[in-house]
Amino acid sequence: MKGPIRIAHISDLHFSKICLNPFQIFSKRILGNANLLLKRGRIYLNEKPFSLLDLFIEKGVTDVFISGDLTTTSQKSEYKLARKFIAKLQEKGLRVTAIPGNHDHYTSGAVRRRAFYQEMPKEVCNSSFALGDHFWVVALDTSMYTPFVDATGDFTVEIEKQLRKTLREIPAGKKVLLVNHFPFFNNDKHKRRLIGGDRLAKLLRTFPNVLFYLHGHTHRRTIADLRADSLPIVLDSGSVSHAHHGSWNLIDLSKSKALVEVFESKDRHGNNWTCVQKETFSYE
Ligand SMILES: [Fe+2]
Ligand SMILES: [Fe+2]
């Protein structure tokens, strides 16, 4: 890809469809559907991500990174909505990269059939690729099945080994954007943590070429430049579908500078996405 790189980082879309299948009484999905009926369905709106399509074109977006939780209970009907959204982005000429979150492998059945990889178009599951002349993208899948109210991820020793190998193989001089669903800091509720997050942080300290760490899961937008502590610039784009504080990040990358603009919409239908924060990062 030549020319400017403009990434739209979105996360936690949580497309939802209430499932009234009586067999779900035996499944964790009954909890997800009860939650949908009582609360979540009104908070995360299926139509809100679709409001971004024209805006992405207007802003010159070239790449869309989706850092997990595209669905709510990993149902086929929710994956169908996610595919429809991705297809619309692709029709507009945008390259889409996506990873699963804990909600995309919500039930033991979804984990067994590797639902995310079965349901998503192959090309969006690319886990390591060059981005223009100066950057490289590594997309990490740390999703796992969790029983009932848990929402943990797992940075297993096997994933650690693979990530170390991938990072070592990236051509010298490339700056890396690492995309994961979970933050590596474990300062949230214990049941929402990334198991092995401390090992991931330790690994990141040994790869200073990892410039950005993009994640979701918390549904709270955050920008934190941790380079003084030998860690990357952390970007949590928040949940794009949230009815009252939906947000996403526009990341404009050039060889020695990045501009990150945070867009937020308090409108239920995403009619007024407004830039609420701008940060510039310089690097060599
Ligand atoms: Fe989420
Ligand atoms: Fe999550």
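These numbers come from the heavy atoms of this one structure, side chains and all, not from hydrogens, waters or symmetry mates. Just follow the structure's listing: the first ligand is 1, and inside any ligand the first atom is 1.
The Fe ion (ligand 1) lies closest to atom NE2 when only the N/O/S atoms of His14 are considered. Closest to the Fe ion (ligand 2) among the N, O or S atoms of His181 is NE2. Of all the N, O or S atoms in His217, the one closest to the Fe ion (ligand 2) is ND1.
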Salt bridge (Lys or Arg N to Asp or Glu O under 4.0 Å) evaluation trace for Asp150 with Arg192: CA-CA 6 Å; Asp150 284 14; Arg192 295 187 52 79; over 6 Å; no

Would Asp104 and Ser74 count as a side chain to side chain donor-acceptor pair (under 3.5 Å) here? Give the steps. CA-CA 5 Å; Asp104 304 317; Ser74 308; 5.6 Å; no

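The Fe ion (ligand 2) has an N, O or S atom of Asp69 inside 2.8 Å of it.
In this structure, Lys266 forms no cation-pi arrangement with Trp273, as its terminal cationic atom is not both closer than 6.0 Å to the ring centre and no more than 45° off the ring axis. Both tests hold for Lys84 against Phe50: distance to the six-membered ring centre under 6.0 Å, angle to the ring axis within 45°.
For His219 atom NE2 and Asp12 atom OD2, the angle they make at the Fe ion (ligand 1) is roughly 80°, to 10 degrees.
In terms of hydrophobic clustering, with Ile, Leu, Val, Met, Phe, Trp and Tyr side chains grouped at heavy-atom distances under 4.5 Å, Leu231 and Ile223 are assigned to different clusters.
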